[in-house]
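Heavy-atom basis, side chains included; hydrogens, waters and symmetry copies ignored. Atoms within each ligand, like the ligands themselves, are counted from 1 in listed order.
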Amino acid sequence: MITLATAQPFPYSFDPTHTALVVIDMQRDFVEPGGFGASLGNDVTQLQAIVPALRRLLEAWRAAGGLVLHTREAHKPDLSDCPPSKRLRGNPSLRIGDAGPMGRLLVAGEPGAEIIPELVPWPGELVVDKPGKGMFYGTDVDELLRGRGITHLLFTGVTTEVCVQTSMREANDRGYECLLVEDGTASYFPEFKAAALAMLTAQGAIVGWSTPSSALIEALA
Ligand code: TIU
């Protein structure tokens, strides 16, 4: 059992053998120029900034033998799992399914939908394509985690207030004890990241806890 004494808003304890590190949507389409995130007018450098910390955390977690779940926001090529309420949002230069420099945006199998090379999944790690913002919607994530005895989830990835926050809220409703890694998650809008961190941990960890990656890595050593 590991206890992170400095976690917010109070200490967080977990057994690594019943815990998964969740890496949400660290795909080229969100992190690199020319992808979906950039098509929405966003500055992708905000997201690139977390890659070194995430690499260090992944290395420590893998060395400790922990389970890793990577998600990708990716639709079927016929877009039958992408409703107009999603595809027609905003006024982007390209929409989901349109062809860009990294292939069709957010479509499974296209180069842009792949996880960035710096964080490429290892053999045996879970990789799940999800059509929505939350990782439980339209996926078998719950069965995959429960089947492995997972009760605790350590959240990282992008973007904090969209897919990470939605996934963490879905997980909390399903009974998982959730921790968000502060420097392992990013938003295109730093003020939204700060607000998400505050609201998730408020009211006595109403959704979950948070910690810097350094405390987690130190505890795993
Ligand atoms: N636009 C934005 O901030 N995020 C998304 O569309 N998807 C994820 O957060 N993965």
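- Residues Pro16 and Leu67 have side chains not in contact (no heavy-atom distance under 4.5 Å, counting atoms from C-beta outward).
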Present, as a list of atom pairs with distances to 0.1 Å, all nitrogen or oxygen contacts under 3.5 Å between ligand 1 and the protein.
unit_1   : atom_1 : unit_2 : atom_2 : d
ligand 1 : 3 (O)  : Thr159 : OG1    : 2.9
ligand 1 : 4 (N)  : Thr159 : OG1    : 3.4
ligand 1 : 7 (N)  : Glu73  : OE1    : 2.9
ligand 1 : 9 (O)  : Thr159 : N      : 2.9
ligand 1 : 9 (O)  : Thr159 : OG1    : 3.1
ligand 1 : 9 (O)  : Cys163 : N      : 3.2
ligand 1 : 10 (N) : Asp25  : OD2    : 2.7
ligand 1 : 10 (N) : Glu73  : OE1    : 3.2
ligand 1 : 10 (N) : Val158 : O      : 3.2

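- In this structure, Gln8 has no side chain to side chain donor-acceptor pair (under 3.5 Å) partners at least two apart in sequence or on a different chain.
- Ionic pairing of Lys193 and Glu182 is not present here: no N-O contact between side-chain nitrogen and carboxylate oxygen is shorter than 4.0 angstrom.
- Side-chain contact between Leu153 and Leu145: present, with at least one pair of heavy atoms (C-beta onward) separated by less than 4.5 Å.
- We find that Glu170 and Lys133 are not joined by a salt bridge, their nearest charged nitrogen and carboxylate oxygen being 4.0 Å or further apart.
- Arg174 has its side chain within reach of Arg146: a pair of non-hydrogen atoms, C-beta onward, lies under 4.5 Å apart.
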